[in-house]
**Q** 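Below is a structure I'd like to ask you about.
Numbers restart at 1 for each chain; the letters A, B, ... are given by sequence-line order, proteins then strands.
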Protein chains: 2
Amino acid sequence: MVVRNAVLGLLAQRPRHGYELRAAFEALAGGEENWDVKPAQVYTTLTRLERDGLVVEQSVEQDAGPEKRIYALTAEGQAALQDWLAEGTPPEHQRDEFYLKLMLALVSGAVDPYRLLNTQRTVLYRELHAITNQRARTDPNRELAKVLLLNKVAMRLEADLRWLDMTEARLDEIRRQPLPEPEARPRGRPRKGIE
Amino acid sequence: MVVRNAVLGLLAQRPRHGYELRAAFEALAGGEENWDVKPAQVYTTLTRLERDGLVVEQSVEQDAGPEKRIYALTAEGQAALQDWLAEGTPPEHQRDEFYLKLMLALVSGAVDPYRLLNTQRTVLYRELHAITNQRARTDPNRELAKVLLLNKVAMRLEADLRWLDMTEARLDEIRRQPLPEPEARPRGRPRKGIE
DNA sequence: GGTGCCATGTAACGCGTTACATGATTAT
DNA sequence: ATAATCATGTAACGCGTTACATGGCACC
């Protein structure tokens, strides 16, 4: 969904061909080490967008090199882009992988939960360190956008690290708790009216 | 990937059938309002896990009701689970949707970036408010795990809100900057040796 | 008899990845 | 030559969603 709309946004700026879209996307998203879009995705996305009438193949250029299929936004495409930009962006799912992993470690008993927390702390610290270094090497006068992105990532990592400490302090309490057993719910009794 | 491994974790605790897995997963992950796994995903996941030898169909029970196909972990499945739990969890992609949206608003000129920031601030505040209320209604003695999850989400939202303020303060500077134009790169000249 | 829960699936599609395949141009 | 960049795709698969389909049981 994000890539699809990003393609629309870049075509709103000016018509482009697939290869160019890929490069432009990665430049905006913070470089290929951060968000690597595969060619296959770009071309299939363009095919679907054309099929859905959000984009048209404007022309095929060929100036000393391979042919370039140039796409442009349609009115429908412009509208779709505007809708997407106007919408609020839902805080990308609290489908939290690490939290679940910790819970599964507790119920399955397969690994030591304290080891899990320590491993994760190391991962986050390393990542934070890498991000901080990268930020220090980035010139805020020429690449302010990138610095802002790095700040966002760093702030999230710091929040997650604080959470790890908090959670470790409470871990013994969680272990003493019975974990939720949903199959204990009574059968066949409607429960809608209660809530 | 997460659901797949979560299924392994729940089967490590004890053999279960699909419907039961779904309920158990949602109980662990913080309720269906937070992470809703569709039946289709559970059953297709089980099929693939069985095909890959991580899980076997142990038996088919039928005690006064529909039949239940009960699955159990294999040794391979146990090993796969342990690998997953032992691995660090990569900080789920800095593929940040809102950041990209903001950049696209700037390059496409389709909407006012300040409006974007304000909309997002409202979204995050509302979400934070909802989470805080939910946390206040949750008994930390009976559902400590859920409280911890809510804390994590709240801490991230607070970090994102602080970032929004920071970014708004810098927005005029970003607007004055030329955005990266990757197609300005010279053609056909190798660039690996430079980096 | 209707509603709602228990329990199982299939089909079709979107998004994303990996691997494969082709062919032109340009720098060394 | 050969390596790298420019430029386009197809095929197969995994994950996830929506929609559809089936059937038994329990409660009112």
**Q** With no hydrogens and no angle check, do the side chains of Arg121(B) and Asn118(B) hold a donor and an acceptor under 3.5 Å apart?
**A**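 Yes.
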**Q** Five pairs per end, C1' atoms only: what is the angle between the end axes of the helix from dG1(C)-dC28(D) to dT28(C)-dA1(D), to 10 degrees?
**A**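 Roughly 10° between the end axes, to the nearest 10°.
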**Q** Mind checking side chain to side chain contact (heavy atoms under 4.5 Å, CB included) for Arg95(B) and listing every partner two or more places apart, or none if nothing turns up?
**A**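 Side chain to side chain contact (heavy atoms under 4.5 Å, CB included) check on Arg95(B) returns Trp35(A), His93(B).
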**Q** At under 4.0 Å, does any side-chain N or O of Arg4(B) touch on OP1 or OP2 of dG16(D)?
**A**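 So the side-chain polar atoms of Arg4(B) never come under 4.0 Å of the phosphate oxygens OP1 or OP2 of dG16(D).
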**Q** Would you say a side-chain N or O of Arg51(B) is under 4.0 Å from OP1 or OP2 of dC13(D)?
**A**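 Answer is no, no contact under 4.0 Å.
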**Q** Is the shortest heavy-atom distance from the side chain of Asp160(A) to the side chain of Arg156(B) under 4.5 Å?
**A**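 Asp160(A) reaches Arg156(B) side chain to side chain.
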**Q** Specify the separation, in whole Å, of atom NZ of Lys68(A) and atom C1' of dC6(D).
**A**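 Computing the Lys68(A):NZ to dC6(D):C1' distance gives 8 Å.
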**Q** Scan residues 71-82 of chain B for pairs that pass side chain to side chain donor-acceptor pair (under 3.5 Å), counting only residues two or more places apart or in two chains.
**A**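 Every pair satisfying side chain to side chain donor-acceptor pair (under 3.5 Å) with a residue in residues 71-82 of chain B: there are none.
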**Q** Is the phosphate of dG9(C), meaning OP1 or OP2, less than 4.0 Å from a side-chain N or O of Tyr43(B)?
**A**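 Negative; the distance criterion is not met.
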**Q** Dump the pairs, protein N or O against N or O of nucleotides 17-19 of chain D, anything under 3.5 Å, distances to one decimal.
**A**
residue : atom : partner  : partner atom : Å
dT17(D) : OP1  : Arg95(A) : NH2          : 2.8
dT17(D) : OP2  : Gln41(B) : OE1          : 3.1
dT18(D) : OP2  : Lys38(B) : NZ           : 3.2

**Q** So, using salt bridge (Lys or Arg N to Asp or Glu O under 4.0 Å) as the criterion, who are the partners of Asp112(B) when residues are at least two apart?
**A**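 Not a single residue meets the salt bridge (Lys or Arg N to Asp or Glu O under 4.0 Å) criterion with Asp112(B).
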**Q** Does Arg22(B) place a side-chain N or O at less than 4.0 Å from the phosphate oxygens OP1/OP2 of dC6(C)?
**A**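 No, outside the criterion.
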**Q** Can you list everything that forms a side chain to side chain contact (heavy atoms under 4.5 Å, CB included) with Arg126(B)? Sequence neighbours excluded, please.
**A**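 For Arg126(B), the residues satisfying side chain to side chain contact (heavy atoms under 4.5 Å, CB included) (neighbours in sequence not counted) are Thr122(B).
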**Q** Does a side-chain heavy-atom distance below 4.5 Å link Leu10(B) with Leu28(B)?
**A**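 Yes; the side chains approach each other to less than 4.5 Å.
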**Q** Round to a whole Å and report the spacing from CZ of Arg16(A) to C1' of dC6(D).
**A**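 Going from CZ in Arg16(A) over to C1' in dC6(D) covers 16 Å.
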